[in-house]
Amino acid sequence: QQQVRQSPQSLTVWEGETAILNCSYENSAFDYFPWYQQFPGEGPALLISILSVSDKKEDGRFTIFFNKREKKLSLHIADSQPGDSATYFCAAGGRGGNYKPTFGKGTSLVVHP
Amino acid sequence: GGIITQTPKFLIGQEGQKLTLKCQQNFNHDTMYWYRQDSGKGLRLIYYSITENDLQKGDLSEGYDASREKKSSFSLTVTSAQKNEMAVFLCASSMDWGVQNTLYFGAGTRLSVL
């Protein structure tokens, strides 16, 4: 059972556009949602995260929108740059026995200049 | 700052061979993880260790063993390499076991089995 789903699997945008990456989850006990960014040949690194008590989190050009009722969230990358080309993983965790970090399959983003 | 060091960076093995991957962290973190990354399948948890001397199976533990030799090091053993297997094994650490902990990843060990 896949607990965290991401779409699309791959996404291509032009420089300056807003890229939208989607994520959904199954477990209502999840309450922490980090997004990790991975460049080829490197390990993933934390980009931005949100707690389920919030519906929006901004950090520069990166914004997470969170809908607890629908168990969905999205990462918006405004003014996309070629340097944003990477794979983005949505992850989820909860408290106690649900803490174990669970990752989606990732979205591969390509930003064309 | 700190760093996660994984060795070797590349590992080529033979079918049936026992292979060991090593991971060191200098964050002084309590918790360490091993993930497997396959193309199109995301990151799947193999083993994790909440504190030194602890060992827990993840979702993909069959065919693997792990060892937390000391707080800073966590090893993974492929007990019998499968022919044509190709994957990246990622080691990570976090301050402790709990919500909102950031995972810090190493650059990975790339495994190919002939």
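A note on names: the letters A, B, ... follow the listed sequences, proteins ahead of strands, and every chain is numbered from 1. Because the structure is predicted, anything quoted here is derived from the model rather than measured.
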Q. Do B:Tyr104 and A:Pro44 come close enough that some side-chain heavy atom pair is under 4.5 Å?
A. no
Q: Look at the side-chain heavy atoms of Ile, Leu, Val, Met, Phe, Trp and Tyr, link any pair under 4.5 Å apart, and say whether B:Leu55 and B:Val78 land in one connected group.
A: yes
(Q) Counting only non-hydrogen atoms closer than 4.5 Å, does B:Arg44 touch chain A with its backbone (N, CA, C, O), its side chain (CB onward), both, or neither? (A) neither
**Q.** Path from A:Val4 to A:Ile48 over hydrophobic side-chain contacts below 4.5 Å
**A.** yes
Q: Can you tell which part of B:Ile4 gets under 4.5 Å to a heavy atom of chain A, answering side chain, backbone, both or neither?
A: neither
Q.
On a heavy-atom basis, which atom in A:Gln38 and which in B:Gln37 lie closest, and how many Å separate them?
A. OE1-NE2, 2.8 Å
**Q.** Atom CD of A:Gln9: over 12 foreign heavy atoms under 6.0 Å
**A.** no
**Q.** Inter-residue atom distance A:Lys100.NZ - B:Tyr33.OH, 0.5 Å rounding
**A.** 11.5 Å
**Q.** In one Ile/Leu/Val/Met/Phe/Trp/Tyr side-chain cluster, 4.5 Å: A:Leu73, A:Phe65
**A.** no
**Q.** Shortest non-hydrogen separation from B:Gly42 to A:Phe89 and the atoms involved
**A.** CA-CE2, 3.8 Å
Q: Enter the distance from B:Leu45:CG to A:Phe103:CZ here, rounded to the nearest 0.5 Å.
A: 9.0 Å
Q.
Tell me the closest heavy-atom pair linking A:Tyr36 and B:Asn101, and the distance in Å.
A. OH-O, 4.4 Å
Q: Using non-hydrogen atoms and a 4.5 Å limit, figure out which bit of A:Pro34 sits close to chain B: side chain, backbone, both or neither.
A: neither
Q | Close side-chain approach of A:Lys105 and B:Leu43, heavy atoms under 4.5 Å | A | no
**Q.** Interface residue of largest heavy-atom contact number with chain A, from B:Arg110, B:Gln6, B:Gln56, under 4.5 Å
**A.** B:Arg110
Q. Checking heavy atoms, do the side chain of B:Tyr48, its backbone, both or neither come under 4.5 Å from chain A?
A. side chain
**Q.** Same cluster (ILVMFWY, side-chain, under 4.5 Å), A:Phe62 and A:Ile20
**A.** no
Q. Going hydrophobic residue to hydrophobic residue with side-chain gaps under 4.5 angstrom, can you get from B:Val88 over to B:Leu103?
A. yes
Q: Check A:Gly43 against B:Leu90 and note the closest heavy-atom contact, atom names and distance.
A: CA-CD2, 4.2 Å
